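Source: prediction; values computed, not measured. Every chain is numbered from 1, with letters handed out A, B, ... down the list of sequences.
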Number of protein chains: 2
Amino acid sequence: MKHRVYRIAVHIVPRAGLLDPQGDTITDALHSLGFKHVQSVHVGRHIVIETEAPDALQAETAVQEMCEKLLANPVTEDFEITSAVPV
Amino acid sequence: MKHRVYRIAVHIVPRAGLLDPQGDTITDALHSLGFKHVQSVHVGRHIVIETEAPDALQAETAVQEMCEKLLANPVTEDFEITSAVPV
């Protein structure tokens with residue numbers, strides 16, 4: 001079966017309700033720079049993976065498994081996967 | 001003028017062609033875990049900002065300015081802004 005390369009982006013964010021000190025620091029810095037209207041900032045990771053797969057669905061399933069096994073911390077983080085785009 | 005709160009996500013990624021050692025390390029780790037079809041991984045930051053603004057366009061303009069002044073390194077990073085969504 002012919003494989004194609006798919007590009008998939010993953011967003012990994014601190015679970016809601018957990019402390020996000022990096023986001024709080026950026027919020028304070030933005031206020032100091034004059035961006036007074038900023039209410040909150042949350043910082044996560046944006047990971048772009050290119051992987052070969054027979055179809056988009058299998059590429060997404062593989063990336064879901066990568067998140068569970070390696071990329072995201074299941075205790076403190078949530079992740080979302082964007083749809084697979086052929087490269 | 002009445003302000004609303006908008007949520008805007010920003011993706012900040014290493015500029016294409018620059019070294020991404022974190023991405024290379026994750027690629028190796030995924031290969032070790034059996035994900036042999038992974039070709040490349042790039043790691044950036046996913047920042048979600050909630051800010052008050054009169055309309056979506058002005059919220060996006062403010063976030064663009066935040067990226068240029070604080071969030072992104074103009075020498076080594078590119079950023080993209082998603083459209084503003086009312087919260």
Which region of [X], side chain (C-beta onward) or backbone (N, CA, C, O), has a non-hydrogen atom less than 4.5 Å from a non-hydrogen atom of chain A, or is it both or neither?
X: B/Val63; answer: neither
X: B/Val10; answer: neither
X: B/Leu30; answer: both

What is the distance from atom CD1 of B/Ile47 to atom CD1 of A/Ile26, rounded to the nearest 0.5 Å?
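That separation rounds to 4.5 Å.
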Gap between atom NE2 of A/His37 and atom NE2 of B/His3 - 0.5 Å precision:
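With rounding to 0.5 Å, NE2 (B/His3) is 5.0 Å from NE2 (A/His37).
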Heavy-atom pairs under 4.5 Å with chain A - which of [options] has more of them than the others?
options: B/Arg7, B/Met66, B/Arg45; result: B/Met66
options: B/Thr27, B/Ile49, B/Leu71; result: B/Ile49
options: B/Lys69, B/Lys36, B/Glu65; result: B/Glu65

Please say yes or no: joined through hydrophobic side-chain contacts below 4.5 Å, possibly via intermediate residues, are [X] and [Y] part of one cluster?
X: B/Ile8; Y: B/Ile12; result: yes
X: A/Phe35; Y: B/Leu70; result: yes
X: B/Phe79; Y: A/Leu33; result: yes

Are the aromatic rings of A/His46 and B/His42 close, with centres under 6.0 Å apart?
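No; B/His42 has its ring centre 6.0 Å or more from that of A/His46.
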Would you check if B/Val48 and A/Val41 make a side-chain contact, meaning some heavy-atom pair closer than 4.5 Å?
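Result no, sub-4.5 Å side-chain heavy-atom pair not found.
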Determine, step by step, whether A/Val5 and B/Gln39 satisfy the side-chain contact (heavy atoms from CB on, under 4.5 Å) criterion, reporting the C-alpha distance in whole Å, the side-chain angles of both residues, the deciding distance to 0.1 Å, and the verdict.
CA-CA 8 Å; A/Val5 178; B/Gln39 297 200 328; 3.4 Å; yes
